[in-house]
There are 2 protein chains.
Amino acid sequence: MLTRSEEDHIKAVYALLQEDDSAFTKDIAERLHTKASSVSDMLKKLADKGHLKHEPYYGVKLTAKGHALALQLVRKHRLWETFLVERLGFGWDEVHEVAEQMEHVASEKLIDKLDNYLGHPSFDPHGDPIPDRHGRIRARRTKRLSACQQGDTVRIAAVSGTTDGLLRLLDAKGLRIGTVLNVQEVHAFDGSMDVKPKSGSAFSLSKDVSHHLQVENA
Amino acid sequence: MLTRSEEDHIKAVYALLQEDDSAFTKDIAERLHTKASSVSDMLKKLADKGHLKHEPYYGVKLTAKGHALALQLVRKHRLWETFLVERLGFGWDEVHEVAEQMEHVASEKLIDKLDNYLGHPSFDPHGDPIPDRHGRIRARRTKRLSACQQGDTVRIAAVSGTTDGLLRLLDAKGLRIGTVLNVQEVHAFDGSMDVKPKSGSAFSLSKDVSHHLQVENA
DNA sequence: AAAAAAGATTAGACTAGTCTAAAAAACGGG
DNA sequence: CCCGTTTTTTAGACTAGTCTAATCTTTTTT
Ligand SMILES: [Mn+2]
Ligand SMILES: [Mn+2]
Ligand SMILES: [Mn+2]
Ligand SMILES: [Mn+2]
């Protein structure tokens, strides 16, 4: 059995590998609010246990074993988030920290029953896909809103890097998963973007925000 | 914030104080599957933190602070057990270990929302009372079935010391919380007892079993 | 290509939790 | 009331996780 800290490290590596093809000590430390030296130690231990390959100074990759484990953790995290929002009535900006704890409860049966209870959801409250019990993820082709052109009409599929502040900003602007937007204008100066929801008037989004919105063609 | 181990120790002390007016090192160790020396250390720490009074060699008592904390932990444990049985469909013999982990998830909001979601239950799946958010417990006067006389008609209110084996035995005999029994005969030789449920034929219960059944007059 | 900066690892220390073995205290039956 | 048994505490050791400071390694800049 892995400890909470070990699990969090594997999950951090997995998340970083989603973006890049190698994960680095500094970024893992930042994600876990810890220090690079602590991560170094942990990487050695997890490499010994066969969850990842650590090429010192050149980053980390997950083994098949580590990858499967990461998917189970992501599954647990996202199922709990879904439960918290859909059943208990939490806001989507309030669930991350709690799910960060609940994902470490060890019980295969628990997570399967939870999955069943929730009706086998495919996406969590932030639009992120929930791996099934075999680790399979529903494929989607999304792009960042910041990569869209004037005239594009897109649907918000997911919010990446879900910090509370960003989620509350989206709430305030009435943006949620599924909202359809038309890109009216992109300002070269600051990368900000004017968008118009299907119903309602247009408004502006900073590049900071549009960068974190994953969209699909509507 | 307390660690999982600290919380488990406080809960163990609380449980033992329900039976006796002082809790002892050895019994705490046994309950937590740990050693007396480890408990000694922990008691010192918890005494320093003001959760309990430790009179070396003469046992432990909880302070008001420790008592309040224990009640919150018991509340969390029993609410999670209720969730697991009533919502996720676990058997009452399968939930203890899982709840033992979930009770340590730290979030006031979570437990209040869970309580609300479950409809503010007063008793857990084993018939044990669930403290409300202020630590208040619904009072009941129960006695052990083993203390009953021939002719008594009683209702099963709770199963104490809920080990998996006992719960499965009760399942097998069709006994559950709320079952009404008539005591037909008590055998002096081994303390076994013949009981007859309202509907169905009589059968025998060992003293070991009747000792763990809390009943109230029906 | 050398110097500077950034990033990573190692060394050494500290806390928390646990254990075994040994010493100390309390208890209980003659 | 004494002696052996039980219980508890203490002493010392070990693992896990974390940190700071020092020492590499790699990358970037001049
Ligand atoms: Mn976590
Ligand atoms: Mn999420
Ligand atoms: Mn516990
Ligand atoms: Mn219970």
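It should be emphasised that the depicted structure is a prediction, and the values quoted were computed from it without experimental measurement. We name chains A, B, ... by the order of the sequence lines, and we start the count at 1 in each one.
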Original post:
Side-chain donor-acceptor pair under 3.5 Å between B:Trp92 and B:Asp124, yes or no?
Top reply: no
Subject >> A:Glu6 CD to D:dT18 C1', straight-line distance once rounded to whole Å >> reply: 14 Å
Original post:
For DNA chain C, what residues of residues 54-62 of chain A have any heavy atom nearer than 4.0 Å?
Top reply: A:His54, A:Pro56, A:Tyr57
**OP:** Return the orientation label for the A:His67 and A:Tyr14 ring planes: parallel under 30°, perpendicular over 60°, tilted otherwise.
**Re:** tilted
**OP:** Kindly determine whether B:Arg78 and B:Glu103 satisfy salt bridge (charged side-chain N to carboxylate O under 4.0 Å, His left out), including the steps that lead there.
**Re:** CA-CA 8 Å; B:Arg78 294 181 182 166; B:Glu103 71 193 356; over 6 Å; no
Subject >> B:Asp115/B:Arg75 under salt bridge (charged side-chain N to carboxylate O under 4.0 Å, His left out): CA gap, chis, key distance, verdict >> reply: CA-CA 9 Å; B:Asp115 185 31; B:Arg75 169 170 160 80; 3.4 Å; yes
Subject >> Residue of the set A:Leu17, A:Thr25, A:Leu43 for which side-chain contact (heavy atoms from CB on, under 4.5 Å) holds with A:Val60 >> reply: A:Leu43
**OP:** Step through it carefully: locate the ring centre of A:His77, locate the ring centre of A:His96, and say whether they are under 6.0 Å apart.
**Re:** yes
Original post:
Do B:Asp190 and B:Ser192 meet the criterion of a side-chain donor-acceptor pair at a distance under 3.5 Å?
Top reply: yes
Original post:
Given atom CG of B:Asp48 and atom P of C:dA16, what is their separation to the nearest angstrom?
Top reply: 11 Å
Original post:
Using a heavy-atom distance cut-off of less than 4.0 Å, which residues of residues 34-42 of chain A contact DNA chain C?
Top reply: A:Ala36, A:Ser37, A:Ser40
**OP:** Evaluate the salt bridge (charged side-chain N to carboxylate O under 4.0 Å, His left out) criterion for residues A:Glu100 and A:Arg4: first the C-alpha distance (whole Å), next the side-chain angles of each, then the deciding distance (0.1 Å), finally the verdict.
**Re:** CA-CA 10 Å; A:Glu100 201 56 55; A:Arg4 170 164 182 182; 5.4 Å; no
**OP:** Measure from CG on B:Leu2 to C1' on C:dA16 and round the result to the nearest Å.
**Re:** 13 Å
Subject >> Rounded distance (Å) that lies between atom C1' of D:dA16 and atom CG of A:Asp8 >> reply: 15 Å
Subject >> Pair B:Asp208, B:His212: side-chain N/O donor-acceptor within cut-off below 3.5 Å >> reply: no
**OP:** For DNA chain C, determine which residues of residues 20-32 of chain A have any heavy atom closer than 4.0 angstrom to one of its atoms, and list them numerically.
**Re:** A:Phe24, A:Thr25, A:Lys26
Original post:
Yes or no on side chain to side chain contact (heavy atoms under 4.5 Å, CB included) for B:Arg168 and B:Asp164, after CA distance, side-chain angles and deciding distance?
Top reply: CA-CA 6 Å; B:Arg168 279 194 292 273; B:Asp164 307 0; 3.5 Å; yes
Subject >> Residue whose closest nucleotide on DNA chain D lies nearer the 5' end, B:Lys44 versus A:His9 >> reply: B:Lys44
**OP:** Please check if the distance between the ring centroids of A:Tyr57 and A:Phe24 is under 6.0 Å.
**Re:** no
